[in-house]
There are 2 protein chains.
Amino acid sequence: MPEPNTHEPTFDRLLQVAVEIFAEVGFRDATVREICTRANVNVASVSYYFRSKEVLYEQAIAFAFQEACQLYPPDASFDQSLSPELRLGLVIDGFLHKLLDDSRLGFLNKLIAREIYEPTKALDDIIATVIAPQFKQFEDIIQQILGTPIDKLTMQRCITSIFGQCLMFKHSRSIIDRLYPELIADALAIQATAQHITQFSLNALLPLKKSLQESA
Amino acid sequence: MPEPNTHEPTFDRLLQVAVEIFAEVGFRDATVREICTRANVNVASVSYYFRSKEVLYEQAIAFAFQEACQLYPPDASFDQSLSPELRLGLVIDGFLHKLLDDSRLGFLNKLIAREIYEPTKALDDIIATVIAPQFKQFEDIIQQILGTPIDKLTMQRCITSIFGQCLMFKHSRSIIDRLYPELIADALAIQATAQHITQFSLNALLPLKKSLQESA
DNA sequence: ACTTGTTTTAAACAACCGTTTAAAACAAGT
DNA sequence: ACTTGTTTTAAACGGTTGTTTAAAACAAGT
C-alpha cells in the first residue's frame, strides 16, 4: 500500500504540508527541509515550484483561505433573521473552536493568529480579506444589540474586548494549559467557555445601551 | 565624551542590553552578536560570563524582575482599604501601560508576554512568581466585587476574560496599529482604553452577582 | 529509437547562528 | 620588573538555514 500522499502531484502535496507546518510552528521556525521531508519531496522542489520559502508561505495562506471558504460556507451567524445576541454566540463559538481545533478546520485561523503576533508581508492582505470583515460583523452585531448608534472609539474598544477574550486561548495557550486546562479540555468545555465569553460580553454591552438612553 | 556604557562593567552592560533585545525580538530572533555589538563587547563575552545564550536569557529575566521590583514597589492596587472596583481599575491601568510603554518600565512585562506566546524553560518560573500571583489578585478582587463565593470554572473564565482583553494590546498589536491606532495613540488614550476594559469587565461581572443571589 | 521538454535528485553553496579557541592585553601582588 | 590570574580579543569551528546547481530520470511526440 503506497503512501496516500504519493499519488497527488508534488505541487499539491507541498502546499498541503506547508499549510500544516506553517500553522504549527510559524513562518520562521518552519524549515523547508521539514516541509519537504513530510511531503516526500526533494528540498529543491520549493525553489522549483515556488520561487522561495516566502512565496510558498503566501501561497499556503491563499490555499488555506480557499480551502476554508469551501469547507465551511457562510455561517449561520450571518443569518439576519436570528437575534443579534444569538449570532454573537455563534460567531464566538465558531471562532473559538477553529482556534483550538487541531484538524484541517483550524489551519487558516492558526495561520492568521500567528500572522497577527508576528506579522509578515502577508498580514495586510489578511486584514483586508478576513479580519476587517470579521470586525465589521462584530460591529454590526453590537450595533443591533445596542439599537442606537454608539461612539466610534467605544465601538472599537468593545470589538477589541470580545476579540481579545477569544484570542487569549490561542496566544496565551501556555497559560491556559498550565493554570486552567479544564477550560478547553474537550469540545464541550470549549463550548461552555465560548458561552461564557458571549454572556460576559453581552452583560458588558447592555449597560452601554442604558447609559445612552439615559443621556438622551 | 566616552559612551556611557563603557564605564559599567562588561557583565552589567551585557545584562542590560540583553533585557532590551530579548524584550524587543524574543529569545529566538535575538542574536548574541547583536547583543554584544550594542553592548560594546566581544562576542565571546557571553560564553565567558554566562555559559550560553540560554543562561544569559534566564539571567536577563531575573535581572528585569529585580529591576521591576525596586522600580515600582507594591502598587496602590494592593491597598485593601480601597474599593475592589477601584483596585481593578488600577491593576488594569498599570498592566496596560507597562505592556505598551517602551521605556525600561515595560521590559519585564514584554519579556513575560513573549514567554507566554512562545514558552521556554523559563515560563514555569515566571508563572509561579508573576502570573499566578497576578491571577490571584484578580481572583481576590473579583471575589470581593461579587461578595459571595463563585463557581471555580466561572472564576477562571472571568480572570481569563479580563487578562485577555489586556494582552490583546500586546499580542495583537499589529491589528491595533492598523485598524484602531487611536486606542493607544498616547498615554491619555491608553488610560481611556484601560478605563473601558475596567468598566466593560465590571459590567460583565455584576450580573453574576445578581444571578447568584436570585438562585439562593 | 530518438529528440525535447519537464520533473526529480544528490550534492554543494553561501550566509548566519551559538560557541570555542588560543593568544594578547590587562591588573595586582610581590 | 616579574609573576599570576583575570579579562578581552580576533579568528575559527561545527551546525543549520534557504537556495542553487548540474546531472539523472522521466514523459511525450514523432
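- Using a 30° and 60° split on the angle between ring planes, B:F11 and B:Y49 fall in the perpendicular class, above 60°.
- A distance of 8.5 Å separates CG in A:L183 from NE2 in A:H196, rounded to the nearest 0.5 Å.
- Comparing A:R28 and A:V43, the nucleotide of DNA chain C nearest to each residue sits closer to the 5' end for A:V43.
- In this structure, the side chains of A:Q195 and A:I92 stay at 4.5 Å or more apart for every pair of heavy atoms.
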List, one per line, each side-chain donor-acceptor pair under 3.5 Å for residues 133-141 of chain B, sequence neighbours excluded.
| residue | atom | partner | partner atom | Å |
| --- | --- | --- | --- | --- |
| B:K136 | NZ | B:D140 | OD1 | 2.8 |
| B:Q137 | NE2 | B:S77 | OG | 3.2 |

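- Between the P atom of C:dG18 and the CG atom of B:N42 lies a distance of 14 Å, rounded to the nearest Å.
- Of the possible donor and acceptor atoms, one in the side chain of A:H171 sits under 3.5 Å from a partner among the backbone N and O of A:A113.
- Side-chain atoms of A:S45 come within 3.5 Å of backbone N or O of A:N42 as a donor-acceptor pair.
- Taken from CD in A:E182 to OG1 in A:T193, the straight-line distance is 10.0 Å, to the nearest 0.5 Å.
- In summary, contact between chain A and DNA chain D, defined as any nucleotide atom under 4.0 Å from a heavy atom of the protein, begins and ends at D:dT17 to D:dT21 in the 5' to 3' direction.
- In the model, B:S201 has a side-chain atom that pairs as donor or acceptor with a side-chain atom of B:Q165 under 3.5 Å.
- Under the side chain to side chain donor-acceptor pair (under 3.5 Å) criterion, the residue pairs touching residues 108-129 of chain A are A:E54-A:K121, A:Y57-A:E115, A:D102-A:K110, A:R114-B:Y117, A:E115-A:T120, A:Y117-B:R114, A:D124-B:R178, with sequence neighbours excluded.
- Contacts with DNA chain C (heavy atom under 4.0 Å) in residues 46-59 of chain A: A:Y48, A:Y49, listed by number.
- With a cut-off of 3.5 Å on both pairing distances, the Watson-Crick and G-U wobble pairs of DNA chain D assemble into stems of 3 or more at C:1-30 with D:1-30.
- Here B:Q80 pairs with B:Q144 under the side chain to side chain donor-acceptor pair (under 3.5 Å) rule; sequence neighbours left out.
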